[in-house]
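Report on the structure given below.
Chain A is the first sequence line, chain B the second, and so forth, proteins listed ahead of strands; every chain is numbered from 1.
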There are 2 protein chains.
Amino acid sequence: MAGVRVVVVDDDALVRAGLRMILGGSPDLEVVGEAADGQEALDVVARELPDVVLMDIRMPRMDGLAATRRLRERGTTARIIVLTTFDTDEMVLTALQLGAAGFLLKDTAPADLVVAVQRVALGEPMLSPSVTSQLIAAVTRPADDGRRRKARTLLARLTDREREVADAVSNGLTNTEIARSLHLGVATVKTHVGSLFTKLEVTNRVQVARYVHDAADDR
Amino acid sequence: MAGVRVVVVDDDALVRAGLRMILGGSPDLEVVGEAADGQEALDVVARELPDVVLMDIRMPRMDGLAATRRLRERGTTARIIVLTTFDTDEMVLTALQLGAAGFLLKDTAPADLVVAVQRVALGEPMLSPSVTSQLIAAVTRPADDGRRRKARTLLARLTDREREVADAVSNGLTNTEIARSLHLGVATVKTHVGSLFTKLEVTNRVQVARYVHDAADDR
DNA sequence: GACCGCCTCCACCGTCCGGTGGACCCGGCC
DNA sequence: GGCCGGGTCCACCGGACGGTGGAGGCGGTC
(Lines give C-alpha, C1' and ligand atoms only; values in the text may rest on other atoms or scores of the structure.)
Protein backbone atom coordinates (compact mmCIF):
# COMPACT_ATOMS: atom_id res chain seq x y z
CA MET A 1 0.00 0.00 0.00
CA ALA A 2 1.24 3.43 -0.91
CA GLY A 3 0.27 4.91 2.44
CA VAL A 4 -2.67 6.86 3.74
CA ARG A 5 -3.10 10.28 2.15
CA VAL A 6 -4.20 12.89 4.66
CA VAL A 7 -5.42 16.45 4.41
CA VAL A 8 -5.19 18.68 7.46
CA VAL A 9 -7.74 21.43 7.96
CA ASP A 10 -7.25 24.00 10.72
CA ASP A 11 -7.18 27.77 10.76
CA ASP A 12 -4.14 27.80 13.00
CA ALA A 13 -0.93 27.41 10.98
CA LEU A 14 0.88 26.19 14.08
CA VAL A 15 -1.62 23.40 14.61
CA ARG A 16 -1.33 22.39 10.98
CA ALA A 17 2.44 22.26 11.27
CA GLY A 18 2.19 20.20 14.43
CA LEU A 19 -0.18 17.71 12.87
CA ARG A 20 1.97 17.50 9.78
CA MET A 21 4.92 16.61 11.96
CA ILE A 22 3.06 14.05 14.05
CA LEU A 23 1.50 12.32 11.08
CA GLY A 24 4.53 12.66 8.83
CA GLY A 25 6.53 10.79 11.44
CA SER A 26 4.65 7.65 10.57
CA PRO A 27 5.98 5.97 7.43
CA ASP A 28 2.57 4.88 6.16
CA LEU A 29 0.96 8.29 6.46
CA GLU A 30 1.43 11.18 4.08
CA VAL A 31 0.07 14.68 4.52
CA VAL A 32 -0.83 15.71 1.00
CA GLY A 33 -2.55 18.98 1.65
CA GLU A 34 -3.62 21.66 4.12
CA ALA A 35 -6.47 24.10 4.36
CA ALA A 36 -7.13 27.01 6.71
CA ASP A 37 -10.91 26.98 6.53
CA GLY A 38 -13.82 24.93 5.26
CA GLN A 39 -13.96 26.68 1.94
CA GLU A 40 -10.35 25.92 1.19
CA ALA A 41 -10.85 22.40 2.45
CA LEU A 42 -13.41 21.72 -0.24
CA ASP A 43 -10.92 22.74 -2.92
CA VAL A 44 -8.00 20.86 -1.49
CA VAL A 45 -9.98 17.68 -0.99
CA ALA A 46 -11.34 17.91 -4.52
CA ARG A 47 -7.82 18.27 -5.84
CA GLU A 48 -5.99 15.74 -3.70
CA LEU A 49 -8.71 13.12 -3.14
CA PRO A 50 -7.23 12.12 0.22
CA ASP A 51 -8.16 9.04 2.22
CA VAL A 52 -8.62 10.93 5.45
CA VAL A 53 -9.39 14.53 6.36
CA LEU A 54 -8.53 15.90 9.78
CA MET A 55 -11.08 18.65 10.26
CA ASP A 56 -11.14 21.36 12.89
CA ILE A 57 -14.58 22.69 13.79
CA ARG A 58 -14.03 26.29 14.73
CA MET A 59 -12.82 28.07 11.61
CA PRO A 60 -13.57 31.31 9.78
CA ARG A 61 -15.60 31.45 6.57
CA MET A 62 -16.91 27.91 6.72
CA ASP A 63 -16.69 25.81 9.86
CA GLY A 64 -15.76 22.17 9.98
CA LEU A 65 -19.26 20.84 10.36
CA ALA A 66 -20.52 22.72 7.34
CA ALA A 67 -17.49 21.60 5.37
CA THR A 68 -18.14 18.00 6.41
CA ARG A 69 -21.69 18.28 5.19
CA ARG A 70 -20.60 19.74 1.88
CA LEU A 71 -17.99 17.08 1.34
CA ARG A 72 -20.47 14.33 2.02
CA GLU A 73 -22.99 15.92 -0.29
CA ARG A 74 -20.40 15.89 -3.02
CA GLY A 75 -19.99 12.19 -2.47
CA THR A 76 -16.42 12.32 -1.32
CA THR A 77 -14.79 9.00 -0.50
CA ALA A 78 -12.53 10.67 2.04
CA ARG A 79 -13.22 9.71 5.63
CA ILE A 80 -13.46 12.67 7.90
CA ILE A 81 -12.14 12.95 11.43
CA VAL A 82 -13.44 15.91 13.36
CA LEU A 83 -10.75 17.30 15.59
CA THR A 84 -11.63 19.85 18.18
CA THR A 85 -10.88 21.17 21.62
CA PHE A 86 -14.44 20.94 22.83
CA ASP A 87 -16.89 18.12 22.71
CA THR A 88 -20.32 19.44 23.41
CA ASP A 89 -23.06 16.88 23.17
CA GLU A 90 -24.62 18.62 20.27
CA MET A 91 -21.47 18.85 18.19
CA VAL A 92 -20.70 15.19 18.63
CA LEU A 93 -24.11 14.07 17.50
CA THR A 94 -24.21 16.57 14.67
CA ALA A 95 -20.79 15.56 13.40
CA LEU A 96 -21.60 11.88 13.46
CA GLN A 97 -24.94 12.44 11.79
CA LEU A 98 -23.15 14.39 9.09
CA GLY A 99 -21.09 11.34 8.43
CA ALA A 100 -17.87 11.98 10.31
CA ALA A 101 -15.96 8.74 10.83
CA GLY A 102 -14.09 10.00 13.84
CA PHE A 103 -14.30 12.59 16.55
CA LEU A 104 -11.11 13.33 18.44
CA LEU A 105 -10.20 15.86 21.05
CA LYS A 106 -7.10 17.92 20.52
CA ASP A 107 -5.58 16.56 23.69
CA THR A 108 -5.22 13.18 22.01
CA ALA A 109 -1.71 11.77 22.32
CA PRO A 110 0.32 11.95 19.08
CA ALA A 111 0.66 8.17 18.94
CA ASP A 112 -3.08 7.73 19.34
CA LEU A 113 -3.68 10.28 16.63
CA VAL A 114 -1.60 8.26 14.21
CA VAL A 115 -3.46 5.09 15.14
CA ALA A 116 -6.76 6.88 14.72
CA VAL A 117 -5.94 8.01 11.21
CA GLN A 118 -4.85 4.52 10.26
CA ARG A 119 -7.96 2.93 11.64
CA VAL A 120 -10.30 5.42 10.09
CA ALA A 121 -8.56 4.86 6.77
CA LEU A 122 -9.53 1.21 7.13
CA GLY A 123 -13.14 2.14 7.62
CA GLU A 124 -13.31 1.81 11.37
CA PRO A 125 -14.72 4.58 13.52
CA MET A 126 -12.54 6.30 16.08
CA LEU A 127 -13.77 8.36 18.96
CA SER A 128 -12.04 9.90 21.93
CA PRO A 129 -13.06 8.20 25.17
CA SER A 130 -15.08 11.16 26.39
CA VAL A 131 -16.87 11.27 23.07
CA THR A 132 -17.68 7.59 23.37
CA SER A 133 -19.07 8.30 26.81
CA GLN A 134 -21.35 10.94 25.40
CA LEU A 135 -22.53 8.58 22.75
CA ILE A 136 -23.31 5.96 25.35
CA ALA A 137 -25.11 8.54 27.42
CA ALA A 138 -27.11 9.57 24.38
CA VAL A 139 -28.42 6.08 23.77
CA THR A 140 -28.83 5.27 27.44
CA ARG A 141 -30.52 8.38 28.67
CA PRO A 142 -33.81 8.22 26.80
CA ALA A 143 -34.46 4.77 28.22
CA ASP A 144 -35.99 6.11 31.41
CA ASP A 145 -37.02 9.63 30.87
CA GLY A 146 -39.30 10.36 33.77
CA ARG A 147 -42.13 11.73 31.72
CA ARG A 148 -41.94 8.61 29.66
CA ARG A 149 -42.03 6.32 32.67
CA LYS A 150 -45.00 8.16 34.07
CA ALA A 151 -46.81 7.77 30.76
CA ARG A 152 -46.03 4.09 30.71
CA THR A 153 -47.30 3.41 34.19
CA LEU A 154 -50.48 5.35 33.60
CA LEU A 155 -51.13 3.60 30.31
CA ALA A 156 -50.48 0.26 31.95
CA ARG A 157 -53.58 0.78 34.08
CA LEU A 158 -55.81 0.91 31.06
CA THR A 159 -57.82 -2.09 29.96
CA ASP A 160 -57.03 -3.64 26.58
CA ARG A 161 -60.01 -2.05 24.96
CA GLU A 162 -59.16 1.33 26.36
CA ARG A 163 -55.64 1.05 25.02
CA GLU A 164 -57.00 0.32 21.57
CA VAL A 165 -59.21 3.36 21.78
CA ALA A 166 -56.32 5.45 23.09
CA ASP A 167 -54.22 4.43 20.12
CA ALA A 168 -56.98 5.35 17.73
CA VAL A 169 -57.50 8.68 19.45
CA SER A 170 -53.81 9.48 19.23
CA ASN A 171 -53.90 8.72 15.54
CA GLY A 172 -56.33 11.56 15.17
CA LEU A 173 -59.49 9.57 14.54
CA THR A 174 -62.89 10.97 15.54
CA ASN A 175 -65.21 8.96 17.76
CA THR A 176 -67.25 7.92 14.75
CA GLU A 177 -64.17 6.70 12.92
CA ILE A 178 -62.98 4.80 15.96
CA ALA A 179 -66.38 3.16 16.29
CA ARG A 180 -66.20 2.01 12.69
CA SER A 181 -62.64 0.75 12.90
CA LEU A 182 -63.25 -1.20 16.10
CA HIS A 183 -66.79 -2.29 15.15
CA LEU A 184 -68.35 -0.56 18.12
CA GLY A 185 -71.19 1.84 18.72
CA VAL A 186 -70.27 5.48 19.00
CA ALA A 187 -71.70 5.46 22.50
CA THR A 188 -69.25 2.77 23.52
CA VAL A 189 -66.34 4.71 22.14
CA LYS A 190 -67.45 7.75 24.08
CA THR A 191 -67.57 5.70 27.24
CA HIS A 192 -64.04 4.46 26.69
CA VAL A 193 -62.77 7.91 25.85
CA GLY A 194 -64.39 9.15 29.04
CA SER A 195 -62.59 6.47 31.03
CA LEU A 196 -59.33 7.51 29.40
CA PHE A 197 -59.81 11.07 30.57
CA THR A 198 -60.44 9.91 34.11
CA LYS A 199 -57.63 7.40 34.29
CA LEU A 200 -55.06 9.60 32.60
CA GLU A 201 -56.32 12.65 34.46
CA VAL A 202 -56.72 14.79 31.36
CA THR A 203 -59.56 16.76 29.85
CA ASN A 204 -59.28 16.33 26.11
CA ARG A 205 -58.08 13.91 23.47
CA VAL A 206 -54.98 15.80 22.46
CA GLN A 207 -53.59 15.14 25.92
CA VAL A 208 -54.39 11.46 25.51
CA ALA A 209 -52.34 11.52 22.32
CA ARG A 210 -49.49 13.10 24.25
CA TYR A 211 -49.43 10.26 26.73
CA VAL A 212 -49.51 7.62 24.05
CA HIS A 213 -46.71 9.25 22.10
CA ASP A 214 -44.62 9.81 25.19
CA ALA A 215 -44.91 6.20 26.18
CA ALA A 216 -44.24 4.95 22.68
CA ASP A 217 -41.15 5.25 20.58
CA ASP A 218 -38.57 7.73 21.55
CA ARG A 219 -36.90 4.38 21.41
CA MET B 1 -0.62 1.84 42.39
CA ALA B 2 -0.86 -1.83 43.25
CA GLY B 3 -2.23 -2.76 39.84
CA VAL B 4 -5.63 -3.39 38.42
CA ARG B 5 -7.48 -6.32 39.96
CA VAL B 6 -9.46 -8.28 37.37
CA VAL B 7 -12.04 -11.05 37.55
CA VAL B 8 -12.60 -13.20 34.49
CA VAL B 9 -16.04 -14.69 33.87
CA ASP B 10 -16.52 -17.25 31.11
CA ASP B 11 -17.97 -20.72 31.03
CA ASP B 12 -15.11 -22.01 28.92
CA ALA B 13 -12.09 -22.94 31.04
CA LEU B 14 -9.83 -22.58 28.04
CA VAL B 15 -10.97 -19.02 27.44
CA ARG B 16 -10.43 -18.21 31.09
CA ALA B 17 -6.92 -19.61 30.94
CA GLY B 18 -6.20 -17.65 27.79
CA LEU B 19 -7.41 -14.41 29.29
CA ARG B 20 -5.48 -15.06 32.46
CA MET B 21 -2.34 -15.47 30.39
CA ILE B 22 -2.92 -12.39 28.26
CA LEU B 23 -3.76 -10.15 31.17
CA GLY B 24 -1.21 -11.68 33.54
CA GLY B 25 1.48 -10.80 31.03
CA SER B 26 1.02 -7.17 31.88
CA PRO B 27 2.77 -6.13 35.08
CA ASP B 28 0.06 -3.74 36.20
CA LEU B 29 -2.81 -6.20 35.81
CA GLU B 30 -3.65 -9.02 38.18
CA VAL B 31 -6.30 -11.67 37.65
CA VAL B 32 -7.67 -12.20 41.15
CA GLY B 33 -10.56 -14.51 40.38
CA GLU B 34 -12.51 -16.53 37.87
CA ALA B 35 -16.13 -17.59 37.49
CA ALA B 36 -17.81 -20.01 35.09
CA ASP B 37 -21.27 -18.44 35.13
CA GLY B 38 -23.13 -15.38 36.28
CA GLN B 39 -24.11 -16.86 39.60
CA GLU B 40 -20.53 -17.64 40.51
CA ALA B 41 -19.51 -14.25 39.23
CA LEU B 42 -21.68 -12.54 41.84
CA ASP B 43 -19.93 -14.45 44.61
CA VAL B 44 -16.43 -13.95 43.30
CA VAL B 45 -16.93 -10.25 42.74
CA ALA B 46 -18.42 -9.86 46.20
CA ARG B 47 -15.40 -11.62 47.68
CA GLU B 48 -12.62 -10.07 45.62
CA LEU B 49 -13.99 -6.59 44.98
CA PRO B 50 -12.09 -6.30 41.70
CA ASP B 51 -11.59 -3.14 39.68
CA VAL B 52 -12.65 -4.70 36.42
CA VAL B 53 -14.79 -7.68 35.44
CA LEU B 54 -14.44 -9.31 32.04
CA MET B 55 -17.86 -10.80 31.45
CA ASP B 56 -18.92 -13.27 28.78
CA ILE B 57 -22.56 -13.11 27.75
CA ARG B 58 -23.49 -16.63 26.78
CA MET B 59 -23.23 -18.68 29.96
CA PRO B 60 -25.31 -21.33 31.74
CA ARG B 61 -27.36 -20.60 34.88
CA MET B 62 -27.10 -16.84 34.69
CA ASP B 63 -25.93 -15.03 31.56
CA GLY B 64 -23.60 -12.09 31.51
CA LEU B 65 -26.23 -9.44 31.01
CA ALA B 66 -28.27 -10.62 33.96
CA ALA B 67 -25.12 -10.81 36.05
CA THR B 68 -24.21 -7.29 35.02
CA ARG B 69 -27.61 -6.06 36.08
CA ARG B 70 -27.34 -7.80 39.43
CA LEU B 71 -23.89 -6.45 40.11
CA ARG B 72 -25.00 -2.92 39.34
CA GLU B 73 -28.05 -3.31 41.53
CA ARG B 74 -25.79 -4.32 44.36
CA GLY B 75 -23.87 -1.12 43.87
CA THR B 76 -20.62 -2.72 42.86
CA THR B 77 -17.75 -0.38 42.13
CA ALA B 78 -16.27 -2.84 39.67
CA ARG B 79 -16.35 -1.71 36.05
CA ILE B 80 -17.69 -4.34 33.76
CA ILE B 81 -16.47 -5.15 30.28
CA VAL B 82 -18.77 -7.33 28.27
CA LEU B 83 -16.78 -9.72 26.14
CA THR B 84 -18.53 -11.71 23.49
CA THR B 85 -18.26 -13.25 20.07
CA PHE B 86 -21.38 -11.62 18.74
CA ASP B 87 -22.46 -8.05 18.80
CA THR B 88 -26.11 -7.84 17.95
CA ASP B 89 -27.54 -4.38 18.07
CA GLU B 90 -29.79 -5.27 20.89
CA MET B 91 -27.14 -6.77 23.11
CA VAL B 92 -24.92 -3.76 22.75
CA LEU B 93 -27.63 -1.33 23.75
CA THR B 94 -28.83 -3.55 26.55
CA ALA B 95 -25.36 -4.03 27.96
CA LEU B 96 -24.59 -0.32 27.91
CA GLN B 97 -27.92 0.55 29.45
CA LEU B 98 -27.19 -1.95 32.19
CA GLY B 99 -24.08 0.01 32.94
CA ALA B 100 -21.34 -1.93 31.18
CA ALA B 101 -18.26 0.24 30.77
CA GLY B 102 -16.95 -1.68 27.81
CA PHE B 103 -18.08 -3.99 25.07
CA LEU B 104 -15.40 -5.97 23.31
CA LEU B 105 -15.48 -8.69 20.73
CA LYS B 106 -13.49 -11.82 21.35
CA ASP B 107 -11.42 -11.23 18.25
CA THR B 108 -9.81 -8.27 19.97
CA ALA B 109 -6.02 -8.41 19.81
CA PRO B 110 -4.37 -9.37 23.13
CA ALA B 111 -2.52 -6.08 23.31
CA ASP B 112 -5.76 -4.16 22.78
CA LEU B 113 -7.45 -6.21 25.44
CA VAL B 114 -4.81 -5.20 27.96
CA VAL B 115 -5.19 -1.57 26.98
CA ALA B 116 -8.95 -1.85 27.26
CA VAL B 117 -8.80 -3.19 30.79
CA GLN B 118 -6.41 -0.45 31.82
CA ARG B 119 -8.56 2.27 30.32
CA VAL B 120 -11.76 0.96 31.77
CA ALA B 121 -10.09 0.78 35.15
CA LEU B 122 -9.48 4.52 34.80
CA GLY B 123 -13.14 5.13 34.15
CA GLU B 124 -12.98 5.46 30.40
CA PRO B 125 -15.30 3.52 28.16
CA MET B 126 -13.91 1.03 25.67
CA LEU B 127 -15.78 -0.36 22.72
CA SER B 128 -14.71 -2.49 19.81
CA PRO B 129 -14.80 -0.57 16.54
CA SER B 130 -17.80 -2.46 15.22
CA VAL B 131 -19.64 -1.78 18.43
CA THR B 132 -18.84 1.90 18.12
CA SER B 133 -20.22 1.77 14.60
CA GLN B 134 -23.45 0.30 15.85
CA LEU B 135 -23.71 2.97 18.45
CA ILE B 136 -23.18 5.66 15.86
CA ALA B 137 -25.77 4.02 13.65
CA ALA B 138 -28.18 4.01 16.57
CA VAL B 139 -27.94 7.77 17.07
CA THR B 140 -27.76 8.56 13.38
CA ARG B 141 -30.66 6.52 12.13
CA PRO B 142 -33.50 8.37 13.81
CA ALA B 143 -32.13 11.67 12.52
CA ASP B 144 -33.99 11.56 9.23
CA ASP B 145 -36.88 9.31 9.66
CA GLY B 146 -38.95 10.22 6.66
CA ARG B 147 -42.06 10.92 8.65
CA ARG B 148 -40.01 13.26 10.74
CA ARG B 149 -38.56 15.11 7.79
CA LYS B 150 -42.00 15.49 6.28
CA ALA B 151 -43.29 16.93 9.52
CA ARG B 152 -40.37 19.35 9.64
CA THR B 153 -40.85 20.62 6.13
CA LEU B 154 -44.56 21.07 6.60
CA LEU B 155 -44.10 22.88 9.90
CA ALA B 156 -41.49 25.09 8.30
CA ARG B 157 -44.16 26.58 6.09
CA LEU B 158 -46.09 27.89 9.05
CA THR B 159 -45.87 31.50 10.11
CA ASP B 160 -44.41 32.27 13.53
CA ARG B 161 -47.79 32.87 15.03
CA GLU B 162 -49.15 29.67 13.62
CA ARG B 163 -46.26 27.73 15.08
CA GLU B 164 -47.00 29.18 18.49
CA VAL B 165 -50.60 28.13 18.17
CA ALA B 166 -49.58 24.70 16.92
CA ASP B 167 -47.40 24.23 19.99
CA ALA B 168 -50.23 25.22 22.27
CA VAL B 169 -52.62 22.91 20.47
CA SER B 170 -50.23 20.01 20.81
CA ASN B 171 -49.95 20.69 24.52
CA GLY B 172 -53.63 19.96 24.76
CA LEU B 173 -54.91 23.50 25.30
CA THR B 174 -58.40 24.46 24.16
CA ASN B 175 -58.90 27.46 21.88
CA THR B 176 -59.99 29.55 24.83
CA GLU B 177 -56.89 28.63 26.80
CA ILE B 178 -54.67 29.37 23.83
CA ALA B 179 -56.30 32.76 23.42
CA ARG B 180 -55.59 33.58 27.04
CA SER B 181 -52.01 32.37 26.97
CA LEU B 182 -51.15 34.26 23.79
CA HIS B 183 -53.28 37.30 24.64
CA LEU B 184 -55.49 36.89 21.61
CA GLY B 185 -59.18 36.75 20.85
CA VAL B 186 -60.70 33.31 20.55
CA ALA B 187 -61.69 34.17 16.99
CA THR B 188 -58.07 34.77 16.10
CA VAL B 189 -57.02 31.47 17.55
CA LYS B 190 -59.70 29.74 15.53
CA THR B 191 -58.42 31.42 12.39
CA HIS B 192 -54.89 30.21 13.07
CA VAL B 193 -56.05 26.72 13.89
CA GLY B 194 -57.98 26.70 10.65
CA SER B 195 -54.84 27.69 8.76
CA LEU B 196 -52.99 24.88 10.49
CA PHE B 197 -55.50 22.34 9.24
CA THR B 198 -55.16 23.62 5.71
CA LYS B 199 -51.38 23.87 5.68
CA LEU B 200 -50.78 20.56 7.40
CA GLU B 201 -53.59 18.90 5.47
CA VAL B 202 -55.31 17.50 8.52
CA THR B 203 -58.81 17.71 9.90
CA ASN B 204 -58.48 17.89 13.64
CA ARG B 205 -56.15 19.09 16.37
CA VAL B 206 -54.90 15.71 17.45
CA GLN B 207 -53.27 15.34 14.06
CA VAL B 208 -51.67 18.73 14.49
CA ALA B 209 -50.20 17.46 17.74
CA ARG B 210 -48.84 14.45 15.90
CA TYR B 211 -46.97 16.63 13.46
CA VAL B 212 -45.50 18.78 16.16
CA HIS B 213 -44.35 15.78 18.16
CA ASP B 214 -42.98 14.03 15.10
CA ALA B 215 -40.98 17.07 14.15
CA ALA B 216 -39.62 17.51 17.65
CA ASP B 217 -36.67 15.60 18.87
CA ASP B 218 -37.79 12.06 19.57
CA ARG B 219 -34.47 10.89 18.81
C1' DG C 1 -75.67 -16.72 44.67
C1' DA C 2 -73.68 -12.18 45.24
C1' DC C 3 -70.19 -9.22 43.85
C1' DC C 4 -67.05 -6.92 40.78
C1' DG C 5 -64.64 -5.46 36.68
C1' DC C 6 -64.97 -4.97 31.92
C1' DC C 7 -67.42 -4.24 27.74
C1' DT C 8 -71.30 -2.82 25.44
C1' DC C 9 -74.85 0.56 24.62
C1' DC C 10 -78.50 4.53 25.50
C1' DA C 11 -80.26 9.56 26.28
C1' DC C 12 -79.61 14.26 27.35
C1' DC C 13 -77.18 18.55 27.30
C1' DG C 14 -73.93 22.17 27.23
C1' DT C 15 -69.68 23.32 25.26
C1' DC C 16 -66.07 23.28 22.00
C1' DC C 17 -64.62 22.57 17.49
C1' DG C 18 -64.26 23.20 12.56
C1' DG C 19 -66.02 25.48 8.20
C1' DT C 20 -67.58 29.55 5.77
C1' DG C 21 -67.45 34.15 4.50
C1' DG C 22 -66.36 38.08 5.68
C1' DA C 23 -63.72 42.65 7.96
C1' DC C 24 -59.72 45.84 9.19
C1' DC C 25 -54.79 47.05 9.91
C1' DC C 26 -50.08 46.98 8.78
C1' DG C 27 -45.64 46.56 6.31
C1' DG C 28 -43.23 45.36 2.15
C1' DC C 29 -43.06 45.33 -2.88
C1' DC C 30 -43.96 46.62 -7.61
C1' DG D 1 -50.96 54.30 -5.37
C1' DG D 2 -52.30 49.23 -5.76
C1' DC D 3 -51.40 44.67 -4.28
C1' DC D 4 -50.37 40.93 -1.16
C1' DG D 5 -49.34 38.32 2.93
C1' DG D 6 -49.60 38.15 7.74
C1' DG D 7 -52.06 39.16 11.87
C1' DT D 8 -56.11 40.42 14.30
C1' DC D 9 -60.96 40.02 14.78
C1' DC D 10 -66.38 39.04 13.84
C1' DA D 11 -70.91 36.11 13.10
C1' DC D 12 -73.18 31.98 12.14
C1' DC D 13 -73.98 27.05 12.13
C1' DG D 14 -73.81 22.12 12.30
C1' DG D 15 -71.48 18.52 14.06
C1' DA D 16 -68.20 16.64 17.28
C1' DC D 17 -66.86 16.44 21.86
C1' DG D 18 -67.11 15.85 26.94
C1' DG D 19 -69.99 15.12 31.29
C1' DT D 20 -73.69 12.73 33.69
C1' DG D 21 -76.43 9.06 34.86
C1' DG D 22 -78.00 5.27 33.62
C1' DA D 23 -78.66 -0.09 31.63
C1' DG D 24 -77.67 -5.03 30.49
C1' DG D 25 -74.40 -8.96 29.57
C1' DC D 26 -70.43 -11.78 30.70
C1' DG D 27 -66.65 -13.96 33.09
C1' DG D 28 -64.15 -14.56 37.32
C1' DT D 29 -63.92 -14.62 42.54
C1' DC D 30 -65.39 -15.13 47.19
Can you tell me if Thr159(A) uses its side chain to pair, donor with acceptor, with the backbone of Glu162(A) under 3.5 Å?
yes
Between dC10(D), dG18(D), dC9(C), spot the one nearest the side chain of Ala187(A), thanks.
dC9(C)
Can a side chain N or O of His192(A) be found less than 4.0 Å away from OP1 or OP2 on dT8(C)?
yes
Determine the contact category for Thr159(B): base if any of its heavy atoms lies under 4.0 Å from a base atom, sugar-phosphate if only primed atoms, P, OP1 or OP2 are that close, otherwise nothing.
sugar-phosphate
Between Leu42(B) and Met62(B) the two heavy atoms that sit nearest each other are CD1-CE, 4.0 Å
May I have the distance from Arg205(A) (atom CZ) to dC16(C) (atom P), rounded to whole angstrom?
16 Å
Please report, rounded to the nearest Å, how far the P atom of dG6(D) is from the CG atom of Leu196(B).
13 Å
Residues Lys106(B), Asp10(B): salt bridge by 4.0 Å N-O rule:
yes
Among residues 161-178 of chain B, which contact DNA chain C at a heavy-atom distance under 4.0 Å?
Thr174(B), Asn175(B)
With a 4.0 Å limit, can you tell me whether Thr188(A) has a side-chain N or O closer than that to the phosphate oxygens OP1/OP2 of dC7(C)?
no
Would you say His183(A) reaches dT8(C)'s phosphate, i.e. side-chain N/O to OP1/OP2 under 4.0 Å?
no
Nearest listed nucleotide, side chain of Leu184(A), among dG18(C), dG19(D), dC9(C)
dC9(C)
Looking at every non-hydrogen atom in both residues, tell me the closest pair between Asp37(B) and Val9(B) and how far apart they are.
O-CG1, 3.9 Å
For salt bridge (Lys or Arg N to Asp or Glu O under 4.0 Å), just list the numbers for Arg180(B) and Glu177(B), CA-CA rounded to whole Å, side-chain angles, deciding distance to a tenth of an Å, and then say yes or no.
CA-CA 5 Å; Arg180(B) 253 204 306 278; Glu177(B) 289 167 339; 5.2 Å; no
Exercise: identify the closest heavy-atom pair between Met59(A) and Gly38(A):
CE-N, 3.7 Å
Considering every strand and a 4.0 Å limit on heavy-atom distances, what is the contact class for Gly185(A): base, sugar-phosphate, or nothing?
sugar-phosphate
Has the side chain of Thr191(A) got a donor or acceptor atom sitting under 3.5 Å from an opposite partner on the base of dC7(C)?
no
Lys190(B) NZ to dG19(C) C1': how many Å, rounded?
9 Å
Send over the distance from Phe197(B) CZ to dG19(C) P, rounded to a whole Å.
6 Å
Under the 3.5 angstrom rule, does the side chain of Arg205(B) hit a backbone N or O of Leu173(B) as a donor-acceptor pair?
yes
